[in-house]
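First the structure, in the form of structure tokens, and then the observations on it.
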Number of protein chains: 2
Amino acid sequence: MRSVAKGAAGRTARQLGVCPEYAEPAPLAAPRAVTVPGTAPRAVEPVLTAPRAARAVSPAKRTRDAAGVAPGALPLDQILLGDSIQMMAGLPAGSVDLVFADPPYNLQLGGELKRPDESLVDAVDDDWDRFDSFATYDAFTRAWLLAARRALKPNGTLFVIGSYHNIFRVGAMMQDLGFWILNDIVWRKANPMPNFRGRRFTNAHETLIWAARSADAKYTFNYEALKAGNEDVQVRSDWLFPLCTGQERLKDGAGKKLHPTQKPEALLARVLLSATKPGDVVLDPFFGSGTTGAVARRLRRSFIGIEREEAYAQAARARIDAVEPLPEDALIAPPSAREAPRVAFSVLVERGLVTPGAELTDAKGRFRAVVRADGTLSLAGGQNVGSIHRVGALAQGAEACNGWTFWHVEEQGRRHPIDVLRARLRAEMGIAAE
Amino acid sequence: MRSVAKGAAGRTARQLGVCPEYAEPAPLAAPRAVTVPGTAPRAVEPVLTAPRAARAVSPAKRTRDAAGVAPGALPLDQILLGDSIQMMAGLPAGSVDLVFADPPYNLQLGGELKRPDESLVDAVDDDWDRFDSFATYDAFTRAWLLAARRALKPNGTLFVIGSYHNIFRVGAMMQDLGFWILNDIVWRKANPMPNFRGRRFTNAHETLIWAARSADAKYTFNYEALKAGNEDVQVRSDWLFPLCTGQERLKDGAGKKLHPTQKPEALLARVLLSATKPGDVVLDPFFGSGTTGAVARRLRRSFIGIEREEAYAQAARARIDAVEPLPEDALIAPPSAREAPRVAFSVLVERGLVTPGAELTDAKGRFRAVVRADGTLSLAGGQNVGSIHRVGALAQGAEACNGWTFWHVEEQGRRHPIDVLRARLRAEMGIAAE
DNA sequence: GCTCGACTTGAATCCTGTG
DNA sequence: CCACAGGATTCAAGTCGAG
């Protein structure tokens with residue numbers, strides 16, 4: 001097991017402030033510092049931890065290539081020890097593909113965990129306390145969301161998980177900051193803790209919000225792979241997973257659970273398989289026990305973790321180092337029709353897979369069209385000439401039509417969609433999927 | 001069928017403004033008028049609609065006892081035609097036990113959406129769901145929440161349903177206004193609309209927030225009854241129900257759906273059975289097609305509905321008048337009961353495979369019990385109420401009993417174990433319930 | 001009266017590259 | 001910036017008519 005590379009980072013060299021190569025301006029960050037109890041500056045030392053000796057890069061050496069946004073500047077597969085907001089501000093802007101955030105829903109006031117449920121204080125003070133708490137929590141939320149937004153690539157997406165104590169505030173703030181919600185997702189706990197007092201419904205789920213950086217972002221969503229792994233039906237917004245228990249749950253020396261809210265790896269796996277590609281960079285600003293890192297490594301994604309508590313970071317480091325990445329061929333995406341290179345129908349004609357003058361029909365043989373040498377079709381019994389799609393639409397009187405699946409060709413007495421010919425050509429050309 | 005009592009209310013007598021007895025100051029209401037597109041003042045006439053002639057109370061007569069908070073001042077089992085916020089401000093403060101609110105979701109839809117077969121999706125494009133900005137929506141939300149808060153009894157609770165488009169804003173605003181969230185609840189849709197373009201997860205759920213007026217409220221939660229109707233297991237925060245379709249869905253004259261977002265009665269039944277007692281007053285400020293009213297009447301709760309669209313109010317009135325309240329003895333709150341085996345009899349009731357009030361017998365017809373709306377049984381000739389298993393055991397004087405095989409229902413002169421109904425439901429649902 | 005299959009429909013923030 | 005065109009994309013319930 002490897003320890004967090006604290007000493008190597010040169011602890012005494014810079015006492016406060018941000019590590020030099022992280023000191024670049026953060027244009028989209030909060031305009032003024034937001035002071036949050038519990039996240040207020042301790043002596044923040046951005047200590048880079050290395051997954052293995054060969055990858056260990058000391059901060060001093062890395063200052064050399066800190067100017068640009070080059071991927072090399074990223075502390076990949078490392079755990080940054082320090083405050084989430086400050087550490088994110090030190091990352092190059094627009095550099096990560098996905099942020100997964102499991103923020104605290106408790107307001108860490110004075111280092112003491114204070115649950116909303118326990119804040120049953122004097123009714124007279126209640127209103128003020130509530131206002132103060134919510135305002136503080138909102139400021140904290142705004143600050144880390146802005147820092148995450150800055151770190152994200154334009155087409156990157158963000159997952160946040162929370163419960164009813166905080167998720168509404170987080171979701172509203174996300175909308176206010178311009179994030180574009182793609183889904184809210186429900187993690188249904190197969191084995192939730194019962195409600196002991198019998199005063200409420202069993203709190204049996206948590207909520208994830210998945211959002212793009214903006215409404216027009218071209219985000220990653222591995223739709224076809226997810227569907228294929230789900231009995232060929234779309235994956236829904238409600239996911240069923242057990243809690244993290246048993247062997248998977250990290251324990252401390254005394255056999256007690258190391259972290260109070262360790263998430264199950266299955267949940268993170270679904271997240272990463274949904275919204276990232278192998279090699280993508282995943283940032284987790286509230287790294288905790290490092291589930292995100294462990295799953296990222298297993299699925300051959302890169303990660304950047306940020307964690308304030310050294311004990312958690314140490315345990316996460318050891319945990320991740322023990323993970324064996326899956327074989328690469330276990331992670332190859334199944335061919336996606338959407339991402340396949342385009343092949344024009346004219347190419348099929350040029351390459352001889354369809355002969356000019358050949359007759360195409362629809363599946364039932366009701367409509368007929370003739371293939372022309374330039375790759376257009378002419379509808380039988382009319383003057384209409386155009387693309388396979390246009391002519392298919394015209395034939396049916398429809399507004400649109402996918403000519404590849406509409407038009408069929410007859411081979412050896414059997415009728416195939418011309419999409420079959422296209423697939424054949426793609427195979428010949430060895431262009432499986434770019 | 002009875003029509004909305006528009007004429008009786010004296011339409012021409014007051015052209016604009018608020019009905020006199022509703023003009024009392026609303027101390028907690030929004031300090032200034034909130035102008036919302038689509039909810040902007042039309043000629044608002046608070047027309048009281050009466051469920052039956054004997055109950056019809058004209059506004060003019062009711063001014064006499066409008067000063068206090070006496071229950072008699074409430075327009076019980078009526079539909080108020082007008083703006084939600086204004087109408088709520090006219091109700092006596094601290095007068096209702098439960099608010100169920102299904103506010104506009106602010107969907108922000110863009111262009112039209114087509115299914116893969118080129119058919120057009122019938123989107124929610126109504127005026128009432130259009131807001132200029134989040135700020136406008138927030139102001140609207142704040143105003144109606146404050147009005148609802150004012151109308152609630154100190155120990156009353158509030159349910160709000162929404163989607164990711166609006167629920168985070170609503171939830172945060174609720175917290176800001178002092179509501180105390182008890183649960184967030186997920187309505188898992190058994191048959192959601194798919195994501196046709198394969199760009200997101202199937203949006204397969206909606207969220208309800210259940211909140212008390214304050215953290216120290218002594219709210220109603222029928223824990224024992226819910227548990228007894230749920231195989232003696234606590235009801236979780238994720239509920240599975242189908243969409244409102246088929247016969248239950250109200251149609252207009254042309255056979256098209258009357259209301260774009262009619263909620264299933266099963267969902268409302270669970271809400272009312274969870275958080276109200278028979279005779280309680282339920283306020284629904286966005287009444288729509290009147291599902292809340294129909295279920296309230298069936299379960300012998302009183303309702304107050306507020307609806308701006310006269311066509312909806314008319315249809316709701318007729319719908320509710322056609323509802324036959326359940327026998328009172330099917331609704332008495334059961335004594336505390338605990339312990340017994342598995343699976344959910346209440347689902348059979350909610351889904352209509354067993355009718356509340358129906359009589360169950362054992363195989364030989366020696367013992368009889370009556371089905372209650374919450375999925376519990378009451379033993380004939382006794383005070384014993386509990387789960388199918390518990391009551392079956394009590395009937396025989398046995399320690400335990402499998403209610404599924406013990407209790408029988410008569411269909412077409414033949415007696416089946418209720419397990420047959422469960423099997424039928426499972427077949428219908430494809431065991432999608434997990 | 002039954003089964004089978006075709007058809008309809010539901011609170012939806014639902015495409016992308018080229019010119 | 002817009003316009004245009006290629007072409008990729010759906011699940012569970014319900015109704016209804018045919019046989």
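Sequence lines set the chain letters: A, B, ... in the order given, protein chains first and strands last, and positions in each chain run from 1. Quick caveat, the model's predicted, so the values are computed rather than measured.
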Quiz item: Using a cut-off of less than 4.0 Å, is there contact between a side-chain N or O of B/Gln247 and OP1 or OP2 of D/dT15?
Solution: yes

Quiz prompt | Strand contacts (DNA chain D) in residues 392-401 of chain A, 4.0 angstrom heavy-atom criterion | solution = A/Ala400, A/Cys401

Quiz item: For A/Arg422 and A/Val233, take the nucleotide of DNA chain D holding the closest heavy atom to each; which residue's nucleotide lies nearer the 5' end?
Solution: A/Arg422

Practice problem: Taking Watson-Crick and G-U wobble pairs with both distances under 3.5 Å, convert DNA chain C into its dot-bracket string, 5' to 3', dots for unpaired and | for cross-strand pairs. | Solution: .|||||||||....|||||

Quiz item: Taking atom P of C/dT13 as reference, at what distance in whole Å does atom CH2 of A/Trp210 sit?
Solution: 12 Å

Exercise. Could you tell me the separation between the CD atom of A/Glu339 and the P atom of D/dT9, rounded to a whole number of Å?
Key: 10 Å

Quiz item: Which is true for A/Ser387 with a 4.0 Å heavy-atom rule: it touches a base, it touches only sugar-phosphate, or it touches nothing?
Solution: sugar-phosphate

Quiz item: NA contact type, B/Asn203, heavy-atom cut-off 4.0 Å: base, sugar-phosphate, or nothing?
Solution: sugar-phosphate

Quiz item: Given the C1' atoms of D/dA18 and C/dG1, what is the spacing between them in whole Å?
Solution: 14 Å

Practice problem: Take B/Leu268 and B/Lys263, measure what side-chain contact (heavy atoms from CB on, under 4.5 Å) needs, and give me the verdict at the end. | Solution: CA-CA 8 Å; B/Leu268 268 294; B/Lys263 295 293 177 289; 4.2 Å; yes

Quiz item: Do B/Arg115 and C/dG10 share a donor-acceptor pair, side chain to base, under 3.5 Å?
Solution: yes

Quiz item: Does B/Lys263 make a side-chain donor-acceptor contact with the base of C/dA11, cut-off 3.5 Å?
Solution: yes

Exercise. Name every residue in residues 191-201 of chain B that has at least one heavy atom under 4.0 Å from any atom of DNA chain C, in order of residue number, or write none if there are no such residues.
Key: B/Asn191, B/Pro192, B/Met193, B/Pro194, B/Asn195, B/Phe196, B/Arg197, B/Arg199, B/Arg200

